[in-house]
Amino acid sequence: MPSYAITGAARGIGFEFVNQLSTDSENIVFALVRSKTTADRLVALGRPNVHILEADITNTNGLKAST
Ligand SMILES: NC(=O)c1ccc[n+]([C@@H]2O[C@H](COP(=O)([O-])OP(=O)(O)OC[C@H]3O[C@@H](n4cnc5c(N)ncnc54)[C@H](OP(=O)(O)O)[C@@H]3O)[C@@H](O)[C@H]2O)c1
């Protein structure tokens, strides 16, 4: 059961990585966003193997707190 952590997951190339990886229900995908308020498209995917986490990768403490 592979696991993936994708940053910048709310839009752009990050969102598409999450979208494509999570089509395989065997994959667990951790989707990191700076704010859940901008994660509408991720939520709309409605995939139980996608776990949305709030984290700014420039904030070490915030990143640790998200795990
Ligand atoms: N698009 C392509 O085809 C392509 C090809 C090769 C390389 N790249 C590179 O890949 C990167 C992303 O491209 P993109 O087109 O997907 O850009 P984008 O649509 O502007 O998306 C950037 C993503 O990065 C997130 N982000 C920015 N700063 C962050 C931080 N400090 N902590 C956590 N997340 C942060 C943004 O989050 P928010 O939603 O919260 O703003 C957003 O989700 C860029 O460096 C680009 O040069 C892109």
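Just follow the structure's listing: the first ligand is 1, and inside any ligand the first atom is 1. All of these numbers come straight from a predicted model, not from anything done at the bench.
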Least distance between heavy atoms, S22 atom then V50 atom: CB-CG2, 3.4 Å
Nearest protein heavy atom to atom 19 (O) of ligand 1: under 4.0 Å? yes
Shortest non-hydrogen contact from A31 to L42? CB-CD1, 4.0 Å
Nearest atoms (heavy-atom pairs only) where I52 meets A39: CG2-CB, 4.3 Å
For ligand 1, which is the ligand I care about here, please tell me if I57 has any N or O atom under 3.5 Å from one of the ligand's N or O atoms. yes
Heavy-atom closest pair (A55 atom, L32 atom, distance to 0.1 Å) is CB-CD2, 3.9 Å
Is there a polar contact, in the sense of an N or O pair closer than 3.5 Å, between D56 and ligand 1? yes
Can you tell me the protein heavy atom closest to atom 17 (O) of ligand 1 and the distance? G12 CA, 4.8 Å
Got a donor-acceptor contact below 3.5 angstrom from the N49 side chain to the D24 backbone? yes
If you scan the protein for heavy atoms around atom 46 (C) of ligand 1, do you find one that is closer than 4.0 Å? no
Mind listing the closest non-hydrogen atom pair of F30 and S3 along with its distance? CE1-CB, 4.2 Å
Considering both backbone and side-chain atoms of S35, is one of its nitrogen or oxygen atoms within less than 3.5 Å of a nitrogen or oxygen in ligand 1? no
Please could you name the atoms of ligand 1 that A10 approaches to less than 4.0 Å, counting only its heavy atoms? 39 (O), 43 (O)
Are any of the protein's heavy atoms under 4.0 angstrom from atom 33 (C) of ligand 1, yes or no? yes
Nearest protein heavy atom to atom 25 (C) of ligand 1, by residue and atom, and its distance? G8 CA, 3.5 Å
I'd like to know if the side chain of D56 reaches the main chain of R34, judged simply by a donor and an acceptor atom lying under 3.5 Å from each other, with no hydrogens or angles considered. no
What's the separation between atom CG in N19 and atom CZ in R47, rounded to the nearest 0.5 Å? 5.0 Å
Spatial distance of atom CE (M1) from atom CG (N27) [nearest 0.5 Å]: 9.5 Å
Of R11, E16, R34, the residue with the heavy atom nearest atom 27 (C) of ligand 1 is R34
Looking at atom 9 (C) of ligand 1, is any protein heavy atom nearer than 4.0 Å to it? no
Within the structure, is a non-hydrogen atom of T58 found at a distance of less than 4.0 Å from ligand 1? yes
Can you pull out the closest protein heavy atom to atom 12 (C) of ligand 1? Residue, atom name and distance to 0.1 Å, please. I13 CG2, 3.7 Å
